[in-house]
Structures are given as structure tokens and as C-alpha cells.
J.: 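One structure, as C-alpha cells, below. Some questions next.
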Amino acid sequence: MTAETDPVQLLTPEGQRVAHPDYDIDLSPGEMRDLYRRMVMLRRLDVEATALQRQGELGIWASCLGQEAAQVGSAAALRPSDFAFPTYRDHGVALTRGVQPLQILELYRGLTNGGWDPLEKRCGLYTIVIGNQVLHGVGYAMGQSLDGTDDATITYFGDGATAQGDVNEGFVFASVFTAPVVFFCQNNQWAISQPRERQSAVPIHQRATGFGFPGAFVDGNDVLAVMAVTRAALERARSGNGATLIEAYTYRMGAHTTSDDPTRYRMGDEVERWRLRDPIERLKVYLAREGIADRTYFDTIDREADDMAVTLREGVRRLPVPEAVSIFDHVYAEEHSLLHAQRAEFEEYHAGFVDQGVR
Amino acid sequence: MTAETDPVQLLTPEGQRVAHPDYDIDLSPGEMRDLYRRMVMLRRLDVEATALQRQGELGIWASCLGQEAAQVGSAAALRPSDFAFPTYRDHGVALTRGVQPLQILELYRGLTNGGWDPLEKRCGLYTIVIGNQVLHGVGYAMGQSLDGTDDATITYFGDGATAQGDVNEGFVFASVFTAPVVFFCQNNQWAISQPRERQSAVPIHQRATGFGFPGAFVDGNDVLAVMAVTRAALERARSGNGATLIEAYTYRMGAHTTSDDPTRYRMGDEVERWRLRDPIERLKVYLAREGIADRTYFDTIDREADDMAVTLREGVRRLPVPEAVSIFDHVYAEEHSLLHAQRAEFEEYHAGFVDQGVR
Amino acid sequence: MTTMTMARAINEGLRVAMDADSKVVLFGQDIGRLGGVFRVTDGLQKDFGEHRVMDAPLAESGIVGTAIGLAMRGYRPVIEIQFEAFVYPAFDQIVSQVAKMHRRSAGTVRLPMVMRMPYGGGIGAVEHHSESPEAYFVHTAGLRVLTPSDPQSAYLTIQQAIACEDPVIYLEPKRRYWDKGEVDLDTTLGNTGLLSPWRARIMRPGTDVSVIAYGPMVRTCLEAAEAADGVALEVIDLQSLSPLDLATVVESVERTGRAVIVHEASRTAGLGAEIAAQIAERCFYSLEAPVQRVTGYDVPYPASRLEEDFLPDLDRVLTAVDRVMED
Amino acid sequence: MTTMTMARAINEGLRVAMDADSKVVLFGQDIGRLGGVFRVTDGLQKDFGEHRVMDAPLAESGIVGTAIGLAMRGYRPVIEIQFEAFVYPAFDQIVSQVAKMHRRSAGTVRLPMVMRMPYGGGIGAVEHHSESPEAYFVHTAGLRVLTPSDPQSAYLTIQQAIACEDPVIYLEPKRRYWDKGEVDLDTTLGNTGLLSPWRARIMRPGTDVSVIAYGPMVRTCLEAAEAADGVALEVIDLQSLSPLDLATVVESVERTGRAVIVHEASRTAGLGAEIAAQIAERCFYSLEAPVQRVTGYDVPYPASRLEEDFLPDLDRVLTAVDRVMED
Ligand SMILES: Cc1ncc(C[n+]2csc(CCOP(=O)(O)OP(=O)(O)O)c2C)c(N)n1
Ligand SMILES: Cc1ncc(C[n+]2csc(CCOP(=O)(O)OP(=O)(O)O)c2C)c(N)n1
Ligand SMILES: [Mg+2]
Ligand SMILES: [Mg+2]
């Protein structure tokens, strides 16, 4: 492993396209506009959801503000037949995998613990227990290679997660089984109130070689670089060479969740510094300067985002609350007699209230 | 980290003293003889215990045959005020910490799950759940540094254990808290039937740097090299520079335990090859050639070992079986009423049999 | 008497314990500057320093495992698990090491550790933030389990947990963190007398039905007792879940002849089963109706919009009371 | 009918399941060339290849966690945990993921995984090799738990576990691995009829006392029934611990009026508590004596020379029988 300290960059914070000796990417104008569009829509989803939480429409929200390039760039590198395992913050991944914005809000509105069919979207449900999904991703990838496909899996986690046993066991299994998996770590500098240094004394991408696969370090706010590095890692996986750990260096611009108060543990000027590295602005400047997109295009996207926002605001209130008795559904694929009895008891109990006109 | 592939060696398999650019050791003749003596006693303990198990005097035995230099060399590098956390196979560590041979046999005879006072010997009890003790060692070391001492902790584990979450979390905590701990991994090539490659795709000492501390690779059958490398790591810990991971390259000459049948999974010639690297022979040749010890000395030690063997064989049969009711002892430091009631019920029940002359 | 929330009462209790013994150290995720996600450790790092209140990496097995080492070194670690469901990665260290260390060392090693964690539902949280894992710990020999139900009980039990020479799982009913109550800050461990945290408390005497609860459900049961029409409920707060103070429970049921047990955890093999089995056995001749259990159902904790349908509430408690009164 | 050990019967059951469905894969430590430490998977890697019988690294959370991924990919992983106490590092994945995945995915993801593990004591093993963790799993909604008691039951239950669309904890009573018994290898899942593994089996009918056991204790109870003087014991083998077949238990106790429950696990909050509570509730008017539980004590499993003093045996079962007959 090289001890590089500079992350791979293909686009400077000022929107300048630069070359990198190991990585490059050649996207059509349409593909580049598409990345921009996805990031804008994602940010709007994030802003709206934060607002909806404040209005009491959501129980909680985990903002991905500032991490749009890391999420969209990496997920856009996937093929439809690949599989992604996201965390609770990876809305850009879910969206890119075709999950509908309202499906994402369902979880945060407290209507479900899921929201979509993971097998249909080839995108796991948000995993809240830190690190658990990393092992699922490795196992899924082991299955892909047993099946003899050249599909690959990407599994997401944060800087904090690198301290967990599960994540490190994931590294072990991936390397022992040469699983076609990409470990995508969004180092957003914070795990709630804890800086990265409290989870790893050294930069995270350096963890990889000791487990037997390469680490890559990428500017997580540069969507082109993220996509290029992820593509390369996926290629490596597809061709039977096993795992890669990507550290996407980025920043959590918002609070940990809407329940959090970051003023207790971090300085405002840190946030300000990162604002200058905004992933969307960066691409926008580049697109504009290169004539890949113009004001009209940007306006169209903004309008599309406005429309989505309206749909979201209206839709979220109309999301049906599941029937109470549905708490007994899908506990087992083959419901057994004891649970069946509890369900019946529950129905009888509630029918009693209905008779009394209470419910 | 250097990508060295040759382990540190100060004594060739042929008993030739060689120099190493980074490590050296200067032991008095008495100290060297002492290392020899400890290894011989350890081997005799091991051989006797294996025999005692075959005779039905022990329930099981985990042999450390072949690993004497790794265990004795590393434990001999400790100060009395340091602390060691061994596994079930580290009899050389326990002995060197002053645990009595019979105390070790107690566990394998099924008389206790402990055998000694860990705080008095500054040596943890054998830990069977793979990897658990690594975290205990890191925590103990954190305590040493909170206390402001320059004591250090060493924690032992096998090549197989490196796959466990706990061990990797131990690496994280050690590096984040700069704990004065030495991670001592005896890579004896096998975890029951599984070769090292099934636990880590790359050599184990390479795991360290990715966690933020150095890895060292030492010939585990060279007691001088092991002691030198461990000393250096302990020094590093004492002076506040944190952890080191030592991989001692050695070989499990025997079965995993007396319950195991290694012919099912490994070739006899592998064992034969390693027999040429015997850690005790190596030192013996050196001591003899340098005139540090002679035939008379070797004979004395053999006799001392014979005596210990006799004591062991006689002693083990005389080890008292704890009273049945002692299963209620020390469950809590402050026994509570419910357990007290169970104890009373138990005593009453057994008194009933005594009345009937049954028991 | 001072009025304060339960979160504050625990904070005060921690403070007293830390003042009294410099070996008491707090260890957990985000407990320092942030003061914990529920602010239970608010201000303690500022007052006691970074060596007494240590932020831990995001690894629960690591936290419990290193705390064992700290305890072996003579410290009294009080660890915080951020939410109850995040204790499972540490389950191995707790069951295989914490619970057994004293025993296997023939009493030479003591692990006076406290493992604090918020538990239970009712706050509208997402998955893994509303569970009730107490049965797992109560079934594990070698552990003690305490849970307060109000600020006064919290103030004392946390101190008792820290003073105890045995490892204690300390379950904090998170939906009651903000409940206010009177706390006598002058009650010290030495003078608690009948307030011993290892004893159940009769919170409200009654003659008809013994209602046995703990943690978050105590208040629910007190409200039920208030609302119950023509039935005098005796409400018992267990406080200590391991050991269980069965003497108090049995004495009560022998008087009332009827028992209802209430907890949030799933029913099957929950703690209520043990209590019901004990009552049925010990009060065999005085029981006038089958013991009723009001519990969560045998389903994963539901999404928050449905949690009220899962959790025992006043109505369900009263329905169970009706049932035992019918027989 | 063929005579074979339980270990062999499980091996045969695995073989049948692997022959029938190429998605069935075995995964665990030392299960390949070594055939597992108890040789339960003996010969399977040789016959089915390294892709069907995969040796795993030494990390139980890793094994269960990756098996979840394999199951999501369409495989039916049958994992082996080498000894029951080594399942605890995987407890988090089991409780938080395996048990909940079907539910949270609204039924779209199924995890037809089997988690096999030897359990229980009586073989003179060292620490962590003799535990009985069943209550932890039975209390966890979303899991099923099966345990065979003899070769015939093993041969069928392992196949049923693999065929089941839900995750199954499959507990193998290790002290009975070498017990021999008749196995009808022609009984297939399709034609088991009343032999359904999810139902309790009345192993020996009797009129005076219902003795309820499972796994390793079934044989002990059958021996007790044989030895019982003038009392006719009805011995029930639960087979399925989750869900419990309470109908069979209740029907029996209503006939006998007396019940003794036997298990190796510690008493408090053990599975016996649930069964006792259920019997006491459902057979309230037919019970003639308090239900007795014969169990391990509330202490860590002792060193092997003392395990006989911990484990229920014939004498303790008969003493409990005497007690229920006295009342
Ligand atoms: C096992 C576990 N422990 C604790 C938590 C509580 N928790 C939720 S998010 C979080 C921090 C995660 O940090 P990181 O991995 O960096 O991801 P980020 O939130 O920054 O995206 C913590 C401690 C949890 N969800 N799971
Ligand atoms: C958590 C856990 N899983 C499985 C086992 C069973 N087991 C005992 S020793 C062993 C192999 C250990 O290999 P290694 O770490 O290399 O140590 P060695 O035995 O070679 O000294 C296994 C799998 C265990 N003791 N603990
Ligand atoms: Mg983060
Ligand atoms: Mg080994």
C-alpha cells in the first residue's frame, strides 16, 4: 500500500478537471448531467425530510447533507444486477438503486422498519446496528461468486463503524473467500460526537492491506473521482480479484440526526470550511464551464426537485398507517400456532373496544 | 511497516548465533540457562499431561509442544509487575508467571475453571472463548496507564483468533488509547484443522499498521529472538508509545487437543520438517557449543524434570475434588437470597441421600 | 426533597459515586462532551476530567471487554451502552466473561462493573431503540439486574449498583427519563434501610389484586390502579430483577389471591414467566385465579407508529385485572 | 429401520437435504476435512465438494452474518457453531438481523437458515462446552428452535429445519450424539404425518404425572419412568422449543393433574418457567399439585468433576415426582 495522503481527485473544489495517474473516467455529457441531477434530487429530499421532521411528520431524520457525491458517485458505478447494502444515512444509494423517496420516508415516519423489497431493488434495507450489514454484503458477494456471475456487491459504512468487530470480520471473510465486494466507507469525520481519531488512530483506508486487499482513498466530495475509484474496485471484484476498501473523505454537514445537537461537540468554522468543498457546486461549476449544462438545464432540475418536494410533502401525510394487527404479520414465513393464537387474542381484544365504540 | 518476509532470528535452527540489524539481546549465562531450564520443564509438563490424559487422569489436554520458545521467551521478557493474559495452550506463560504445574492441571482435570489467583500471579486465567482475553488485556493496560505506572500488559492469542471481532476491536482500543500492551500472536500454522490462510489471507503481523501500531515478525522457535522482540515491544509500551503486534512463527507439533485427530487434515511430513526446528534443541546446541552449559547441567535439568514428573503424577491423583455444594460458591461476591435458598435446598436434598446411605 | 427528572437523578447518583471513589470511571460512546444521547452523563467529563469520563470507540464488545480489564486493575467501570439493542455485540463478553469471572477465579477476581443502558419503548424511536432484553440477563447466573422506575429509585439504585461488588446490568426505562419526581438527595447508601434497591417496593397497597411491574411499566400500573373501578390494586415495583425479591411478591399475592404481571418484553420466556411460575408454585393454595401476564407480543418490536399496539397500557392492565377478578 | 447414532442420523439427514436441493450449503469451523469436532459433517465435503461444505474462519458473528447474505442470495445455509457457548459472539446478528429480517422486509426476504450447535453437558468437557442457551433463543421472536432427543427425531428434525422457510436454531444434545437408535431412513418430510417435528412427542404414556423434557433430558426422564415405583409417568419430548406445542402438554397435564419439567439450563427465567406458567394458567382447575421444575441451578456451569451435581438426573426427577405426588 502506498502511504498516499492525498485523496484521489478528478475535480478540484473549484470545479477544475484534473488528471490522476491511476484513475480516470470518461462520461458522456448525459451521464454527467445525470450525476448532477441525482445529487440535486438527493439534497432536496434531505432538506425536505429535515423540514418534515421539524414539522412532526417524521420521527427522526438522518441527514446526508454534504455526502451526496460519495453516495451517488459510488452507487452510480453499480450495474443493476449488483447489490448494495446501505446504512440509515445512505439515501443517495437507495435513490440511485431505484427506491422511491416516499419509501425512504416510511421508515423515518415510523410506519415500517423496511420500506422496499431489497431483492427487487437489489438494495438492502437500511441497517441501524452499526456494522451488521457489512457481513451481509460479504456473504451476498460470496453467493455471487458461488453462482459464477460477474456481479459484485458494495457495502456501506461510516468511519465509526470501522471500530466494530463485524466490520473487521467482514474484511477477514472477504479476503479469505476472495469475495467480489467493495467496502465503501464514508469517512464523514464524525460518529455522532466522536471524531475519526477515536475510532482509528490512522487513516481508514490504511486498514485494508493488513487484511490482504487494497485500500483506496478518494475525495468523497468529488463525484467523478468517487465513481472512478468505485468502478475500478468493482472491476477488480468482477474479475475475481476480491475486495477493495474505499475511504471516501467527506463531511457530515448536518447534525448526526435531527435528535442531535452538534454545537455541543464541534466548531462551526469546521462546517464553514467544508461548505467550500460542496460536492454539488463543484460539479455544477464544471458542467457550466464546459458547456455540458446551462442555466436552463439547472432550472429544469430545480423545478423537478420542487415537484418532488411537493409530492413528498403531500405524499408523506397520506402514507397509510398499517393496521394495528399487522404487527403480527411476517414474523415468520410460516406463521405458527402460538403466534396465531396471540393474533387472535389481539383481534378479539380490539374488537371488544370497537363494540364499545372506543376505537 | 516493512514488508519483511524473514522473521527475526538470533539463533539459527542449527544453534548458530546470528546478528539482526534491529534486535539484539545480551543475556548472562545464567539467564540463558534459565530459559533452557524453563523450556525443558515446560516440555516435560506437556508430555506428562498428555500421558495423564491418556490414562484418564485429565479430561483433556492442549499441548504446547513446539511452542516452548514462543511462550517462555515472551513471558520471560516481562517484569513481575506486568500482567499476562494467556489462552488455554499457554502453559509456558503460566509457568513463567509462577503458576504451579498442578494448578494448571486442575483445569484440565475438571476440578476448576480457574486454578490460580490471577491478581497474585499477575497472570489471567486461561481463556477458552477465542479472543475474549485480548480485550481484557487492552483494558488492563489502559488501567496501567491511567495509574501512571510504566508497567505493561501482554496478551496472547493464536493465528485463528485473528479472525475474531474481539481481537480486532482490541487493536482499535489499544491504538486509540495508546495502551501499553503487547499483542503476542503465536502463529502455530493451525486453528484446529484450519491453516492460517483460512483466517488471514496475508501474514498476521501485517495486520498491525492498518490499526496504527507496528507489527513484528519473529522466529517463534528461537527463544532469544522472541525475548528480544518482546522486550523491545514492552519497552515501547512502557515509554508511552503504545501497542505492538508480534507474530511468533511457530508450529503446533501435536494435536489441537487430546480429543483431536490431526491425521485427518495435515501431512506427517510437515510435522517432520518442523521437528528440525525444535526450539529446545536449538538452544541446547548453542549453550553446549558456547560452553554456557555442559552435559552435567543438562542432566541436572533432566533430573529436575523427572522429579517434577513424579510429583505431577502423584499430585494430580491427590488433587481434592471440591465438595459438591461448592458449585454455589463465588457466583456472587455478595451471595443473594435466591441463590442461598437454592444452596440450602441442594444441601437438604443431598443430606437426604446421606441419611439413606446412598451418597 | 428536590424535584428532578430521572435522567438527572441518575446523573446525581453518578456524581455522588464518583466523588466518593476515584476508581469509579465512566466509559461509553458519546458520554463526554455530548453527555450521552440522553444527557445522563451531562457535565461529568467537564467536572471529573477525561480520565474519569472516557469516550469509547464504537464497539460494544470492546467496551465491555476492556472494562473487564479495567475492573481487574482495580477500577469500578460504569459503562454506558447507548441503546439496549446495541448490547448484543457485547453479549459474549457479558455472558462468558463478566458473569463467570468471579466464579472461575474462585472468588479472587471481582468485577464491580455497572453496565448502564436505556431500555424499553414508548418514545417513538426507530428499530433497535425500544427493546427489553432483561430476560436474557436475568437468566444468566452471575449477573445482577436492576431497573429504577422513578427518580428516587434511580438515584439510589445507581449508587447501589456502583457500590456492589458484583457486575450489575442497570436498565434505565428511557420513556421515564423525563418524568419528574421528588428525590431525597440526602438518603445515602448507608441509611437506605427498607429502601434497599435489592428489595421490591410496594408502591401502592391494595387488597384485591397484586400487580407486579418494573421499570417503565410501574407508572402505567399506578395509573391503572388509580383508574380501576371498585378494585383495589396493590402495585409492586420489583426494582431488582436479579435477584428477584420473591418474598415481597409472594407475601402480597397470598394476601390478595390474584396476580397480574406487566412488562414490555415479549411474552414467551420473558421475566413474567418466571414470576408467574413462582407465584403459581408458592401460592398454589391461596391463588384464586390463574396469574395473568400483560406483555409485549411475540413479535419483533414494531415500527413506532404501531408501538402503542404492542406495549401494555392502562386498558390492557385493567382487562387483565377484570379477568383475574372474574375467576 | 437402521440402527445408528444420533450424530450419524444428523449426517444422513444433512445428506438427504443436500441431495434434494443444491442451494443447501454447510458453513462452519472445521466441518470440511475434519468433519466437525463431533464428526457430524463427516464425509460431506468429500461427497459434495468445497463449495457445498465450506470451512469458515474463526469468527461466529462473521459466520452468521455472511450466512444471512448467502440466504439473501438464495442459498439455504446450514451453519455449525462448534459449541453452544461460541454462539454468543453471533448473538447480535441472530437477535438483531436473523430474527427480524423477514418482518422488516415485509415478508420479501426469507432467511431459511439453520444454525446447528451441540449443547448441554454431561460429557466431561471444559468451560463453555456444556451450556444450555435455549431460553435466549426461545425468548427471541422471529426464531424457531428445534432439538432432537434420539436418532429418529434427529434425522427428521434436521431435514425439517432445513426445509423450513424461517431461521431455525437447531440444538444438538451432545451427550446423546453417540446414543444409538432405530431410524427409518425412508420416512420423508412428506410422509411424517404425526411425526411433525413441530409437535411434541409422547414418548411413553402414563396416567399419574406428566414429565416434560427435551433434548438430552428425554432419555433421563424415560429412565426415571422406568425406575419409578408405582407411579405411571407420561414422558413428553417437546422437540420444538419455539413454537412450543402447548396443546400436547396441556392435554397431558389435564389428564394427569401433575407436571414435572426437566431441563439442564439454569432455573431462573429458563424455558421451564414458561412451561410452568402456561400449565399453571391453562390447567388451573385440573392441577393437583404445584408444577415442579428440575433444572440446573442458578450458577455458571461447573467444572466437569462437579457437573453431575449440577445436572438433573434420575434421582432428582424422581424426587420431584414424589413431591408432586405428595400434594
Ligand atoms: C452497534 C451500535 N452501537 C451504537 C449505535 C448508535 N449509533 C448510531 S449512529 C452512531 C455513529 C455512527 O458513526 P459512523 O459509523 O461514522 O456513521 P455516520 O453516522 O457518521 O454516518 C452510533 C454510535 C448503533 N446504531 N449501533
Ligand atoms: C469463540 C470460539 N469459537 C470456537 C472455539 C473452538 N475452538 C477452540 S480452539 C480453536 C482454534 C484456535 O486456533 P488458534 O487461535 O490458532 O489457537 P491454537 O489452538 O492454535 O493455539 C477453536 C475453533 C472457541 N474456543 N471459541
Ligand atoms: Mg461518520
Ligand atoms: Mg493456531
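This structure is a prediction, so every number in the text was calculated from the model and none was measured. Letters go in sequence order (proteins before strands), and every chain restarts at 1. Side-chain atoms are counted along with the backbone in the values below, which use heavy atoms only and exclude waters and symmetry mates.
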J.: Identify the two heavy atoms, one from D/A269 and one from C/A135, that lie closest to each other, and give their separation to 0.1 Å.
T.: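 Reported closest heavy-atom pair: CB-O, 4.4 Å.
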J.: Say you draw a straight line from CG of C/D92 to CG of D/D92; how long is it, rounded to the nearest 0.5 Å?
T.: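 Here the interatomic distance stands at 11.5 Å.
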J.: When only heavy atoms count and the cut-off is under 4.5 Å, which of residues 271-291 of chain C reach chain D?
T.: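 Within residues 271-291 of chain C, the residues that come under 4.5 Å of chain D (heavy atoms only) are C/A273, C/E274, C/A276, C/A277, C/Q278, C/A280, C/E281, C/F284, C/Y285, C/L287, C/E288, C/A289, C/P290, C/V291.
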J.: Using a strict cut-off of less than 4.0 Å between a Lys/Arg side-chain nitrogen and an Asp/Glu carboxylate oxygen, indicate whether D/K100 and C/E131 qualify as a salt bridge.
T.: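 Salt bridge: yes.
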J.: Which atoms of D/T140 are under 4.5 Å from chain C, going by heavy atoms: the side chain, the backbone, both sets, or neither?
T.: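 When you check distances to chain C, atoms from both the backbone and side chain of D/T140 fall under 4.5 Å.
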J.: When only pairs under 4.5 Å are counted, which of D/A303, D/A85, D/P89, D/S61 shares the most heavy-atom pairs with chain C?
T.: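 The residue among D/A303, D/A85, D/P89, D/S61 with the greatest pair count is D/P89.
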J.: Could you tell me which portion of D/Q93 (side chain, backbone, both or neither) has an atom closer than 4.5 angstrom to a non-hydrogen atom of chain C?
T.: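 Contact with chain C: none, neither part.
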J.: Hey, what's the ring geometry for C/H139 with D/Y136, parallel, tilted or perpendicular (30° and 60° as the breaks)?
T.: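 Answer is perpendicular, since the angle exceeds 60°.
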J.: Is C/P300 close to D/R104 at the side-chain level, that is, under 4.5 Å between some pair of heavy atoms?
T.: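 No, too far: nothing below the 4.5 Å cut-off.
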J.: What residue, out of D/V95, D/D298, D/V87, D/I94, has the most heavy-atom pairs lying under 4.5 Å from chain C?
T.: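 Looking at each option in turn, the highest pair count goes to D/V95.
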